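Down below is the structure, laid out as structure tokens.
Not measured: the values here are computed from a predicted model. Atoms within a ligand are numbered from 1 in the order they appear, just like the ligands themselves. Keep in mind that the numbers below use all heavy atoms, side chains included, and drop hydrogens, waters and symmetry copies.
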Amino acid sequence: MALLETRNLTARYGDFQALFGVDIVLEAGETISIIGANGAGKTTLMRSICGLLANQPDSIRFDGRAIGRLAADEIMAMGIAMVPEGRKLFASLSVEENLLVGRYGRAIAGHWSLETVYGLFPILKERRHSPATALSGGQQQMVAIGRALMSNPRVLLCDEISLGLAPVVIRDIYRAVPEIKAAGASLIVVEQDIGQALRVADRVYCMMEGRVTLSGTPAEFSREAIHDAYFGAA
Ligand code: ATP
């Protein structure tokens with residue numbers, strides 16, 4: 001049984017349909033990447049899984065349970081945490097306070113605590129009393145990841161964590177993935193950087209215009225197939 005699965009998932013913003021029957025599967029221990037151009041529906045898929053958009057009850061299953069109608073806080077309490085696009089840190093709070101917010105609603109024991117998050121990203125310990133917004137973009141992304149980890153999630157959803165960051169910073173952030181996996185989380189990583197997506201993932205899904213157009217292991221993907229799935233076959 002898959003850890004997390006969407007089946008024929010649709011999503012709308014009013015009259016606009018953003019997802020048309022999306023099927024994805026995340027097995028326990030896996031990292032999957034979702035790639036696709038701007039507007040393909042990647043963020044909408046993440047928001048649907050987190051309970052931020054109305055879903056059909058059976059369209060999302062987590063650990064064998066239909067979660068499509070649960071509220072976002074219930075889904076978080078079950079162990080799905082998101083690192084949202086644009087980080088969405090609390091500007092008036094310090095780094096440490098932002099991390100502690102991640103505990104709210106799921107105070108379960110697990111690997112992740114302030115101490116282990118600081119072990120993962122040591123710079124955050126040095127800057128722990130600074131306002132989160134005083135940090136560099138990469139450091140802010142580390143805070144956003146740390147905040148999500150503080151809930152000790154079983155599934156971590158990462159939406160465009162490399163957006164706007166320099167390659168060396170992106171590498172630093174992705175260096176944390178093996179430790180996050182070792183601590184027991186499975187990951188869904190939304191990436192516009194195809195190379196990064198292929199490097200980090202066990203399996204990749206490509207989306208276009210609200211549909212999955214290609215899925216498989218990175219080794220199975222040819223450049224041409226990705227191009228066609230990303231932009232549409234000529
Ligand atoms: P990006 O890389 O730009 O974030 P994405 O693949 O994450 O793209 P989504 O943000 O999921 O794409 O958007 C999918 C479609 O839904 C787009 O056509 C977008 O314009 C539309 N959309 C997204 N949010 C809303 C909203 N709040 N109201 C109306 N339409 C929306």
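Between Arg211 and Glu209 there is no salt bridge, since none of the side-chain N atoms of the basic residue sits less than 4.0 Å from a carboxylate O of the acidic one. With respect to the salt-bridge test (charged N to carboxylate O, under 4.0 angstrom), the residues Arg154 and Asp63 qualify.
Judged as a salt bridge (charged side-chain N to carboxylate O under 4.0 Å, His left out), and not counting sequence neighbours, the contacts of Arg128 are Glu96. Legend: residues meeting side-chain contact (heavy atoms from CB on, under 4.5 Å) with Leu163, ordered by chain and number and at least two apart, are Glu85, Glu160.
Within 4.0 Å of ligand 1, counting heavy atoms only, the contacting residues are Tyr13, Phe16, Ala18, Ala37, Asn38, Gly39, Ala40, Gly41, Lys42, Thr43, Thr44, Glu85, Glu160, Gln192.
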Report all side-chain donor-acceptor pairs from residues 14-21 shorter than 3.5 Å, counting only partners two or more places apart or in another chain.
unit_1: Gln17; atom_1: OE1; unit_2: Arg12; atom_2: NH1; d: 3.4
unit_1: Gln17; atom_1: NE2; unit_2: Leu19; atom_2: O; d: 3.0

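Heavy atoms of other residues, nucleotides or ligands lying less than 6.0 angstrom from NZ of Lys88 number more than 12.
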